[in-house]
Amino acid sequence: MTSTPIHTPDEFASDAASRPLRLVVVSAGVSDPSTTRLLADRATQKTIDLLGEAGMPATVNVIELSGLAVEIAQAIVAGLPGVRLQAAIELLAGADAVIASTPVYKAGISGLFKSFADVLDNDLLIAKPVILAATAGTPRHAMVVDEQLRPLFAFLRAMPMPTSLFAAPDDWGSTTLGDRIARAATELMLFLRSGVGASIADSNWSGYQHRFAGNATAAERSVADVDFDTDLMRLAAGGGR
Amino acid sequence: MQFGIFSVGDIAPDPTTGTTQSEAERISNLVRVAQRADEVGLDVFALGEHHNPPFVPSSPPTLLAHIAALTKQIVLSTSVTLITTNDPVKLAEDYAMLQHVAKGRLDLMVGRGNTVPVYPWFGKDIRQGVALALENYNLLHRLWREDVVDWEGSFRTPLQGFTSTPRPLDDVPPFVWHGSIRTPEIAEQAAFYGNGYFANNVLAPNFHFKPLVDFYRDRFEHYGHGTRDQAIVGLGGQAFIAKRSQDAVAAFRPYFEEYPLFKGSSLDDFMARTPLSVGSPQEVIDKTLTFQEGFGDYQRQLWSLDGLALPVEVALEQVELLGTEVVPVLRKEMAARRAPGVPDAPTHASLVSAKYGDAEPRQPRPNPNRGDNLSGASPYQDSDPNAPARFPLAA
């Protein structure tokens, strides 16, 4: 294994200064307006405000899964993402941070959200910071975010923020929801400012399992990206005889 | 440039009639399709290898040997031969024998296959799939090029003084293609040996496999076999042809949309977004020409067109249309667009002439049986009599 030098936060600060940070919202809400989207929007706006105060401009793209439902289902069955789904995947691949928000149905996250996660490359979100959010019709679903979204993003080796967001009808009338949103947004801002996520992905990249020419922005695409100093590559080249 | 067809020998219920071919029927039909491909002047017929229903070709060398006897000019190949779960020693023997009976009309495509449970059926560990493929081919390569092989690896018993028989026809091994759709190590191995690289080019977005093909081309040049444009590239494809475009789509739609693999998928979507070509001969020609633009000049184009439960009469008609209306135009068009210096895919004749020039090819004749190969340089009469025995017998 070759190891790349570990970047210092300063380098990332200068990196980040060269372009706005890219936040991507993934919302599995299906109504319009949707509380699921609203919760994500509030977290996003707060994050942008905090980033702005810290001198880190950011842009936002939103992936509404409701419009991709058919393509997501087809991609699961036939393995071929449609044009709009592929565009969404590429948007997510290029994200510096993700705000993921889903409704709770039948005591679990939306099947649409899970299906979308199922078609993502395993290495698409490595070490990317994520705010986890869910909405429900009753506060009794409050643990769904931590019991279902958090392990899902752990599998994807993303970095869920310590504070999860959950909003049942009662919460929309309470100022403590705003406090929790501010806490999660602050965590995300600090994480982005530290550059540690990008640093982890960068310096450990070859240690994760990857698909050649996959969707991840750092995926190997050509000879220049490929590590030939591995047991398998030596075996491919005649086995070192 | 070679044009041909490849089949996985699948069986499925015909969605328009409900009938399912028996294994006996499908095997006979495969032979008829191969014969027709030969008659209409296609260059290659390749057969997949599967070890589970609803597929019939578990034993490609047997079926291909039969086809060899019934055909005149077509090159027989595989798509793919499982280099992971087959013993490379047996592969060396079976395909050398097939090469002899086919009078050199044989090459081979090795690959890992895509059926997970097949590994334990043959006593192999899928977690070692890539390493198995690489090591097994390394051994196969030597068995066809060295009369006597001492070998030790991780996945099978070591060999001491082993000779794979028969030696390849004219002592020229069958040309080998490496089939791969995701693994750069396989492309690397193809490049290292100067072998061909085949990208299946179906069931994925257009030009999805271009990064792997480019990787192979770069490494082919790196290993000194020629420039990257001279690397030996093959592409798959899938086609359904009718004189009129709308007839092709209408006839093919139920077969596509009812096939288990494609249930829930839209034919129009696959036609637009993947290399699948459904339409008039001109439409199939035009789409195939985009492959040349996207992947660069290449040496072999194979289409899958006898599967998806098509009745054999339809499959035969497809072969006919491909051979008479599509391929003749593609031959001309691709040749006209081809850059100078791009080689054709190797054939037995070209490999013999590259090895021997105008000289007579080697015809190995065994020495009288000593019962083993361990005590001399070679079990063949043309071995150097002055070469010292490695383990001389005690006087």
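Excluded from the calculations below are hydrogen atoms, water molecules and symmetry mates; all remaining heavy atoms, backbone and side chain alike, are included. Chain A is the first sequence line, chain B the second, and so forth, proteins listed ahead of strands; every chain is numbered from 1.
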Does CZ belonging to B:Arg182 count more than 12 external heavy atoms closer than 6.0 Å?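 Check fails, neighbour count at 12 or below.
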Counting only heavy atoms from other residues, nucleotides and ligands, does the tally under 6.0 Å from OH of A:Tyr208 exceed 12?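 Counting other residues, nucleotides and ligands, OH of A:Tyr208 exceeds 12 neighbours.
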Interface residues of residues 80-98 of chain A facing chain B - heavy atom cut-off under 4.5 Å: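 The list, in residue order, reads A:Leu80, A:Pro81, A:Gly82, A:Val83.
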Report yes or no: is the cationic atom of A:Arg221 (NZ for Lys, CZ for Arg) closer than 6.0 Å to the six-membered ring centre of B:Phe215, at no more than 45° off its axis?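 No, A:Arg221 does not sit over the ring of B:Phe215.
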Residues 201-208 of chain B, side-chain donor-acceptor partners within the protein, below 3.5 Å, at least two apart:
residue	atom	partner	partner atom	Å
B:Asn201	ND2	B:Gly236	O	3.2
B:Asn206	ND2	B:Ala272	O	3.2
B:Asn206	ND2	B:Arg273	O	3.4

Residue among A:Glu220, A:Met233, A:Gln74 with most heavy-atom pairs under 4.5 Å to chain B: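 Most heavy-atom pairs under 4.5 Å with chain B: A:Met233.
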Checking heavy atoms, do the side chain of B:Tyr137, its backbone, both or neither come under 4.5 Å from chain A?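 Answer is neither: B:Tyr137 stays 4.5 Å or more from chain A.
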Interchain contact, B:Thr274 with chain A, by part (heavy-atom threshold 4.5 Å): side chain
Who passes salt bridge (Lys or Arg N to Asp or Glu O under 4.0 Å) against B:Glu258, sequence neighbours left out?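 Not a single residue meets the salt bridge (Lys or Arg N to Asp or Glu O under 4.0 Å) criterion with B:Glu258.
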B:Arg156: which residues meet the salt bridge (Lys or Arg N to Asp or Glu O under 4.0 Å) condition with it, sequence neighbours left out?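 Applying salt bridge (Lys or Arg N to Asp or Glu O under 4.0 Å) to B:Arg156 gives B:Asp87.
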Inter-residue atom distance [X].[atom1] - [Y].[atom2], 0.5 Å rounding:
X: A:Phe212; Y: B:Leu212; atom1: CZ; atom2: CG; value: 5.0 Å
X: B:Ile186; Y: A:Leu232; atom1: CD1; atom2: CG; value: 9.0 Å
X: A:Ser222; Y: B:Asp218; atom1: OG; atom2: CG; value: 7.5 Å

Mind listing the closest non-hydrogen atom pair of A:Ala237 and B:Tyr223 along with its distance?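 Taking every non-hydrogen atom into account, CB-OH, 3.5 Å.
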In B:Leu134, B:Leu132, B:Val130, the residue satisfying side-chain contact (heavy atoms from CB on, under 4.5 Å) with A:Leu235 is B:Leu134
What part of A:Val223 gets closer than 4.5 Å to chain B, counting heavy atoms only: side chain, backbone, both or neither? both
